[in-house]
Each structure stands twice: as structure tokens, then as C-alpha cells.
Amino acid sequence: MTTNKCNLKCEHCYQDAGETGDKELTTAEAMTMIDQIAKAGFKIMIFSGGEPLMRPDIFDLVAHAASRGLRPVFGTNGTLLTAENARRLKECGAMAMGISIDSLDEAKHDRFRGLPGAHAQTLAGIENCKAAGLPFQIHTTVVGWNRQEICDITDFAEQLGAVAHYVFFLIPVGRGKYIESTSLAVKENEQLLRDLMAKQAEVSIDIKPTCAPQFMRVARQVGIDTRFSRGCIAGLSYCVVGSEGIVRPCAYMTEEAGDVRAMPFDEIWASSPVFQTLRTQDYKGACGTCEFNDICGGCRARAAYYHDGDILAQDDYCAHGQKLLVH
């Protein structure tokens, strides 16, 4: 994450973003870290937040990442994607924008995002990306009140010209823990995954359920081809670095793997005990005995949250693991 600063106040924010912390990485520190990320063999660099476009040096960081052979992509709320910002992002090497739309209803989206007019600003940002030739995908967080809209948002994303629709399943961290009661139950999760895989057969864009690795199992069960090879990749081929330099296996895990101010990122990636543990894939409970654990792996963040920090525990939000039938 580039910064904790954000211009919105989203109900579900895993970072509890708002103001800039006084310990955020400086430009020099961030560029050094980018060098180390490239050295570690990564190919993609995701700039997120908070709202990454609120970081003053964001264009310099993107250009530096591109110069190191990384593919710079973004997770943004889209409200700050002015014509000028979209053009500059394209010019400095950004490859794609992940833009959040949580409802087709403007009022519902704005309420969830905490800013009147956010929906209209986001759609304007998408048009600015299109004008700049900057590819984009749509990100949607699932909660109870928008569950019935999700597949319609996929259709909307395709109509807009998005390259993909990433659907985020709520994990109760940050401000998200306060709306945990609105998240979907296990069988509802399963049914939505099945609906999304059915929708995948109808649309030309990729659908990627995120923090719901069971979609890989569902895709195989219903015979849907997907370009993805594994569900949860936390600590295997993915991790996050917070705005203050703390490395974690994923954005929704609180377990720390290291601090880039104390150890180079490439060394943390290679030797951190947290990563080493995850790479054993020695899962427990239903995840350990599941015939799909090679392509799913269960959500490690959710497993840790509900099992007192045990990152190898079973993911309780799996209908297959719980032997719950969904028709």
C-alpha cells in the first residue's frame, strides 16, 4: 500500500484508511524497496492504499517500477482519475487500473463509500482511463445488500469495456469487522461462487472472486475454464508491503513477515518464517484433507482470523469443507 491517506471513508476498509501516517516510506525508501521487489523476481506491482493517487510522488514511483521491469497496476476508488492523472499514469508506465464499483445504484454506492457523488466521479474516471488508453477492471466488495447485484455489475463492467470483474468477499479486518454481520453466510458464499462461474461462461471478461479461493474448486466442479491456477496465493506468489514498510502475506492478514526498513524486501520474501510456514501448505482440518487443496488452499486470512492466528487452519467459510449442500 502506498499510503494510508484516502479521500473516502468506506465502511469496509481493511486499512481503516483516512489520514497519512507520520512513518510512511519516503520516496527514496519506496524506490529502494521497488528495486528489491524486482530483485525478488516479482513481475507485477500493485499500488493501492488508502487511495494511491493521494501520494504526491505516485507518478515517480510508477515510472521507477516500470523502469525495473515491473508491471504497475492500481487499486483505486477512481474518484481522482482526472483526465490529466489518467494521461500521466499512462505515460509513466501504469498498465491497468482496478476501480471500485459496489452498486449500480448511485445512492447505495455513495453511502458505502462515504462520499456523495462518488459513483459519478468514479464513472468519470473510467471514461478518462478509456480516453487515455489505460485498461481498467472493476472491483466490487460483496455484502448482503448488494449480493443480488453482483452478476449485473459483471454485465455492466463488460459494457463499460473493462477487462475483468474482481469480486471481493469480505474479511472482517480494519473497518470491515464492524460490518461482519452483513457478510454472506457459508452457503450464500457458495451459491454466489456458482452464480459467478455460470456468469463466466456468458461473458468475454475474466471474473475473479477474491478472498474466496473456493472459486477454483467450483469452476472445476461445474466445468468452467478459468485462466487462474490457484485460489489463495498469500505468501506463495503474492504479499503486501504497508505504507510504513511492514510486510504481510496479504492485505487481510495481520501476521507480519518483516520490515523493509530493517531487512531488504528480497531477503524477507526468501526467509521470513511466516512465508516459510505458508509455503509448507500443511493445512489443517478440512483444508488439509480436501481433494481440491492444490488449486484452492482456503483463505489463509479468514482461517487465521477465526482460529486465533493459525495461518494453516481450515477455512470455515467453505461449504465443501463443511459438507453443506447447495442446490
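Note that the structure is predicted; figures quoted are calculated from it, not measured.
Taking the six-membered ring where the residue is Trp, the centroids of F265 and F42 are separated by under 6.0 Å. Less than 6.0 angstrom separates the ring centroid of Y306 from the ring centroid of Y317.
Side chain of H165 to main chain of A157: no donor-acceptor pair is present (N/O by atom type, distance under 3.5 Å, no hydrogens or angles). When atom types are taken as modelled, the side chain of Q276 and the backbone of A270 share a donor-acceptor pair closer than 3.5 angstrom. Side-chain atoms of R302 do not come within 3.5 Å of backbone N or O of D316 as any donor-acceptor pair. In this structure, N85 contributes its side chain and L80 its backbone to a donor-acceptor pair below 3.5 Å. No donor-acceptor pair under 3.5 Å is formed between the side chain of S243 and the backbone N or O of T3. Listed for the Q137 side chain is no donor-acceptor partner under 3.5 Å among the backbone atoms of A164. A distance-only check finds no donor-acceptor pair linking the side chain of E244 to the backbone of L25 [under 3.5 Å]. Between the N293 side chain and the T289 main chain, no donor and acceptor come within less than 3.5 Å of each other. With R55 contributing its side chain and T2 its backbone, the two residues share a donor-acceptor pair below 3.5 Å. Under a 3.5 Å cut-off, the side chain of D315 and the backbone N or O of C299 do form a donor-acceptor pair.
The hydrophobic clustering, which links ILVMFWY residues whose side-chain heavy atoms are closer than 4.5 Å, places I138 and V163 apart. Hydrophobic clustering keeps L236 apart from I268 (ILVMFWY residues linked when any side-chain heavy atoms are closer than 4.5 Å, directly or through intermediates). Hydrophobic clustering, with ILVMFWY side chains joined whenever heavy atoms are under 4.5 angstrom apart, groups I205 together with F168. Put simply, V240 and V73 are part of the same group of oily side chains (I, L, V, M, F, W, Y) that touch within less than 4.5 Å, one to the next. Connection of I224 to F169 is established within a shared hydrophobic cluster, with ILVMFWY side chains joined at heavy-atom distances below 4.5 Å, either directly or through further cluster members.
Distance CZ/F228 to CE/M216: 9.0 Å, rounded to 0.5 Å. Here the CD1-NE2 distance, from I101 to H119, works out to 5.5 Å after rounding to the nearest 0.5 Å. Here the CZ atom belonging to F74 is positioned 11.0 Å from the CD1 atom belonging to I99, to the nearest 0.5 angstrom. To the nearest 0.5 angstrom, D225 atom CG is 11.0 Å from M197 atom CE. Rounded to the nearest 0.5 Å, atoms CD (E256) and CD1 (I246) are 5.0 Å apart. Atoms CD1 and CD, from I126 and Q121 in turn, are 12.5 Å apart once rounded to the nearest 0.5 Å.
The two atoms that bring G50 and C6 nearest to each other are CA-CB, 4.0 Å, heavy atoms only. In terms of heavy-atom proximity, M33 sits nearest to V241 at SD-CG1, 3.4 Å. Summarising the geometry of A66 relative to C92, their closest heavy-atom pair is CB-O, 3.9 Å, with the distance given to 0.1 Å. Closest heavy-atom contact between G235 and L278: CA-CD1, 4.0 Å.
No side-chain heavy atom of D102 sits under 4.5 Å from any side-chain heavy atom of I153. A heavy-atom distance below 4.5 Å is found between the side chains of T280 and L312. Contact annotation: the side chain of R71 never approaches that of K43 to less than 4.5 Å [non-hydrogen atoms, C-beta and beyond]. Looking at C129 and K90, their side chains never come closer than 4.5 Å, going by heavy atoms from C-beta outward. Contact check for L89 versus L81: side-chain heavy atoms found under the 4.5 Å cut-off. The closest side-chain heavy-atom distance from W145 to D105 is not below 4.5 Å. Put simply, the side chain of H139 does not reach to within 4.5 Å of the side chain of M97, judged on heavy atoms. A 4.5 Å side-chain heavy-atom check between S100 and T122 finds every atom pair outside the cut-off.
Because its NZ or CZ atom is both nearer than 6.0 Å to the ring centre of W269 and within 45° of the ring axis, R279 counts as a cation-pi partner of that residue.
Looking at T27 and D57, their side chains do bring a donor and an acceptor atom within 3.5 Å of each other. A donor atom on one side chain and an acceptor atom on the other are not found under 3.5 Å apart for D266 and Q36. A donor-acceptor pair shorter than 3.5 Å cannot be found between the side chains of D155 and Q159.
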Does C290 form a side chain to side chain contact (heavy atoms under 4.5 Å, CB included) with H320? I'd like the steps, not just the answer. CA-CA 9 Å; C290 182; H320 185 71; 3.8 Å; yes

Apply side chain to side chain contact (heavy atoms under 4.5 Å, CB included) to residues R300 and Y252 and explain how you reach the verdict. CA-CA 9 Å; R300 295 301 97 211; Y252 306 98; over 6 Å; no

Take Q200 and T226 through the test side-chain hydrogen bond (donor to acceptor under 3.5 Å, both in side chains) and record every step on the way to the result. CA-CA 8 Å; Q200 181 65 88; T226 174; 5.4 Å; no

For I44 and L70, run side chain to side chain contact (heavy atoms under 4.5 Å, CB included): C-alpha distance rounded to whole Å, both residues' side-chain angles, the deciding distance at 0.1 Å, then the answer. CA-CA 5 Å; I44 298 175; L70 293 164; over 6 Å; no

Derivation of the side chain to side chain contact (heavy atoms under 4.5 Å, CB included) call for V247 and F275: CA-CA 10 Å; V247 183; F275 292 150; 3.8 Å; yes

Begin from the C-alpha positions of R88 and E91 and carry the test salt bridge (Lys or Arg N to Asp or Glu O under 4.0 Å) through to its verdict. CA-CA 5 Å; R88 290 185 66 186; E91 290 177 351; over 6 Å; no

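Between D310 and K284 there is a salt bridge, since a side-chain N of the basic residue sits under 4.0 Å from a carboxylate O of the acidic one. The existence of a salt bridge linking E202 and K199 is confirmed by a sub-4.0 Å separation between a basic side-chain nitrogen and an acidic carboxylate oxygen. A salt bridge is defined here as a Lys NZ or Arg NE, NH1 or NH2 lying under 4.0 Å from an Asp or Glu carboxylate O, and K108 with D110 fails to meet this definition. The existence of a salt bridge linking R217 and E190 is confirmed by a sub-4.0 Å separation between a basic side-chain nitrogen and an acidic carboxylate oxygen. Classification of R261 and E29 as a salt-bridged pair holds, one side-chain N sitting under 4.0 Å from a carboxylate O.
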